[in-house]
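Only one structure is covered here, and it is reproduced in the block below.
Just the heavy atoms: all of them, side chains too, but no hydrogens, waters or symmetry mates, feed the values below. Residue numbering restarts at 1 for every chain, and letters A, B, ... go by the order of the sequence lines.
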Number of protein chains: 2
Amino acid sequence: MATKTIKKVRDADATRARILAGAKKEFAKNGLGGGRVDEIALRAKANKRMIYHYFGSKEDLFRTVLEEVYTDIRAAERALELEHLPAREALEKLIRFTWDYYLKNPEFITLVNSENLHKARHLKKSEKIEKLFKRFVSMVGGLLDRGVQEGVFRPGIDPVQLNITIAALGYYYLTNRYTGSIVFQRDLMAPQALEERLAFNIETIMRLVCVDP
Amino acid sequence: MATKTIKKVRDADATRARILAGAKKEFAKNGLGGGRVDEIALRAKANKRMIYHYFGSKEDLFRTVLEEVYTDIRAAERALELEHLPAREALEKLIRFTWDYYLKNPEFITLVNSENLHKARHLKKSEKIEKLFKRFVSMVGGLLDRGVQEGVFRPGIDPVQLNITIAALGYYYLTNRYTGSIVFQRDLMAPQALEERLAFNIETIMRLVCVDP
DNA sequence: TAAGGAAGTAACTGTTTAGTGCGTTATGTG
DNA sequence: CACATAACGCACTAAACAGTTACTTCCTTA
């Protein structure tokens, strides 16, 4: 059966994409320092030479992976279209989304951690990131203003602090899932524990933001 | 001048301690995967052979470093003696302490991150950790109960969830200081920014816990 | 359809790495 | 003082590593 997208024996785009996906997995699992180029080639079913052909170096490959994951999460956030919801509903939806995204994309957290271990030196070289976030912060700022007008949110809350707080509540719990399960002696990843935590996070933010929580 | 503690040319305890301190720095800076044993020997002004003599392997050295930093933070927490303060004051003191400790001991955060990247496989082998935390959780539990009796805290708050939340608010901000400063386009580590964040964290927790915030 | 460039490969290089074998030197003890 | 033991250091190994050389194979297009 002939299809429009014939599977080529040689396909630059597909190979590049496989390498990127392989790199994401490998770096997420072992960090930048612990990640192995040979292992990435293996995962991507590509020759190691191709990695250097398409990405130049291990560090540049890591930078590209980072750009991709940041672009992805912001795109998913934009797709929520929070502008069309009442402020309170929109806020709860954002909290739920952030939690679910971290839960379903654990590599996002480990990659960001790895980048911070390296003092964000790869992100510094990236040009496309800053614009991405400006839009996001102003969206949350608009959401807060709208809530104040509706009479449901307290005025004077900094959108950046709120963003950080929403992220923090989910991120910390999930990035420390392993040590946390040991020191607190309970399975933090059990379905019920996850539900409880999300409810706790929503309550924490609502009490912080709402006039009448 | 003769002193009680003569500086010996050969001093097993001192060498062991220097290695441990060097390892803490190196692992904190580069993670377990990126940390180099040769570099640890250099930092510790010890021969690499001694590392294997005292600690057996790189992994066991990492485990020992982890045990040390967890023991240290819990010891500092105990020294707060929160039992002797009114509940509300005690809670605020705990929030401030957590923030300050992360700020002054940034290696704690990076080491814990590294351990979580490796799914806590070193902590799993450690025996002294669990007891350490049991005491801590029950202390916070007692604090919450006391606050309820005093009529200042809401009843029914899970001490583990509260612990996680207090830690999360500081930890996330500080572990993501580098990427955060880029994406939010403000210096998250500026003295004023740090003050503002601590105040925001205290408000978040107080609104969550207190009857009349 | 032929040519030229791009996609892809295997085998290599020089270096770095965790870990060791074995000899040397200081130190507490009888 | 002697001597056993523990502290220490040199110089090595085998493997792993990021990156490269030199080559072959396929695909596009003129």
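Following rounding to the nearest Å, A:Ile51 (CD1) and D:dT20 (C1') show an atom-to-atom distance of 14 Å. Whole-Å rounding puts the B:Leu32 CG to C:dA18 C1' distance at 12 Å. Atom CE of A:Met50 and atom P of D:dT20 are 13 Å apart (whole Å). Across the protein-nucleic acid pair, B:Phe55 atom CZ and D:dC8 atom C1' stand 15 Å apart, rounded to whole Å. Rounded to an integer number of Å, the gap from A:Leu61 CG to D:dG19 C1' is 13 Å. For B:Asp60 and C:dG19, the CG to C1' distance is 13 Å, given to the nearest whole Å. Taking atom CG of A:Asp11 as the reference point, atom C1' of D:dC26 lies 13 Å away to the nearest angstrom. A straight line from CD1 of B:Ile40 to C1' of C:dG19 spans 13 Å, rounded to a whole angstrom.
Nearest to the side-chain atoms of B:Tyr54 among the listed nucleotides D:dG9, C:dA7, D:dC8 stands D:dC8. Minimum atom distance to the side chain of B:Arg10 is reached by C:dA26, of the listed C:dG19, D:dA18, C:dA26. Between D:dA7, C:dG19, C:dA10, one nucleotide has an atom nearer to the side chain of A:Asn47 than all others, and that is C:dA10. Between D:dC10, C:dA18, D:dG19, one nucleotide has an atom nearer to the side chain of B:Val37 than all others, and that is C:dA18.
Separation of the A:Phe55 and A:Phe62 ring centroids does not fall under the 6.0 Å cut-off. Within the 6.0 Å centre-distance limit, the rings of B:Tyr70 and B:Phe108 are counted as a close aromatic pair.
Residue B:Gly35 is classed as a sugar-phosphate contact, given heavy-atom separations below 4.0 Å to backbone atoms only.
Residues A:Glu81 and A:Glu83 meet the side-chain proximity criterion, which asks for heavy atoms closer than 4.5 Å. Two residues are said to be in side-chain contact when any heavy atoms from C-beta on lie closer than 4.5 Å; A:Val209 and A:Leu144 meet this criterion.
Take the nearest nucleotide of DNA chain D for B:Asp13 and for A:Asp38: the residue whose nucleotide is more 5' is B:Asp13.
The phosphate of C:dG19 (OP1 or OP2) has a side-chain N or O of B:Tyr52 nearer than 4.0 angstrom. For D:dG9, the OP1/OP2 oxygens have no side-chain nitrogen or oxygen of B:Arg49 closer than 4.0 Å. Contact annotation: A:Thr15 does not reach the phosphate of C:dA7 (side-chain N/O to OP1 or OP2, under 4.0 Å).
Taking 3.5 Å as the limit, the base of D:dG19 and the side chain of A:Lys48 contain a donor-acceptor pair of atoms between them.
Between B:Arg96 and B:Glu92 there is a salt bridge, since at least one side-chain N of the basic residue sits less than 4.0 Å from a carboxylate O of the acidic one.
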